[in-house]
Amino acid sequence: MLTLYDYVPSGNGYKVRLLLSQLGKPFRLIEKDILKGETRTPEFLAINPNGRIPVLELEDGRRLAESGAILFYLANGTLFLPSESWDMANVLRWMFFGHTATSPTSR
């Protein structure tokens, strides 16, 4: 079974949980409270050295961090990630939305 390490209020984690749900993939949720430093413990840093969530652990023990990478991995080969280049680029545009902050002066 897939295991998702997440902080439930996280928007990035929510995107992963939503896609897992839409795909009907069962997963185990392990909550880590980032406000209490639970992602900075030696145990969690062994799971993800950058100390961030979400992290998806696959059935074979491999771990994938960063919500965009997790979403791409899960969506690949499904209707959630079209194979046509333009459509895929538009999906990726929305996947990465919110990952970078822009200010009015940076445009």
Drop me the distance from [X]'s [atom1] to [Y]'s [atom2], to the nearest 0.5 angstrom.
X   : Y   : atom1 : atom2 : result
F44 : I30 : CZ    : CD1   : 9.5 Å
L74 : L2  : CG    : CG    : 7.0 Å
S85 : N90 : OG    : CG    : 11.0 Å
S67 : L56 : OG    : CG    : 11.5 Å
T3  : R28 : OG1   : CZ    : 3.5 Å
E59 : M1  : CD    : CE    : 9.0 Å

Examine [X] and [Y] and state if one hydrophobic cluster contains both, with Ile, Leu, Val, Met, Phe, Trp and Tyr joined whenever side-chain heavy atoms are less than 4.5 Å apart.
X   : Y   : value
I34 : L29 : no
L19 : M88 : yes
L64 : Y7  : no

Could you check whether any side-chain heavy atom of [X] comes within less than 4.5 Å of a side-chain heavy atom of [Y], counting everything from C-beta outward?
X   : Y   : result
I70 : F72 : no
R63 : N48 : no
V16 : N12 : no
V8  : R17 : yes
V55 : L4  : no
T39 : Y5  : no

Inset, instruction - Give a yes or no on whether a salt bridge exists between K32 and D6, defined as a side-chain N under 4.0 angstrom from a carboxylate O. - result: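 Result for this pair is no, no salt bridge flagged.
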Inset, instruction - Taking only Lys NZ, Arg NE, NH1 and NH2, and the carboxylate oxygens of Asp or Glu, determine whether R52 and E66 approach each other closer than 4.0 Å. - result: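 Salt bridge between R52 and E66, a charged N being under 4.0 Å from a carboxylate O: yes.
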Legend entry - Stepwise side chain to side chain contact (heavy atoms under 4.5 Å, CB included) test for F80 and L23: CA-CA 9 Å; F80 292 97; L23 292 171; 3.7 Å; yes
Inset, instruction - Can you establish whether the number of heavy atoms outside L79 located under 6.0 Å from its atom CG is more than 12? - result: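 Not more than 12 within 6.0 Å, no.
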Legend entry - F27, CZ: over 12 other non-hydrogen atoms inside 6.0 angstrom: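 Counting other residues, nucleotides and ligands, CZ of F27 exceeds 12 neighbours.
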Inset, instruction - Might you point out which heavy atoms bring L81 and A75 nearest each other, and give the distance in Å? - result: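 Shortest heavy-atom separation between L81 and A75 comes out as CB-O, 3.5 Å.
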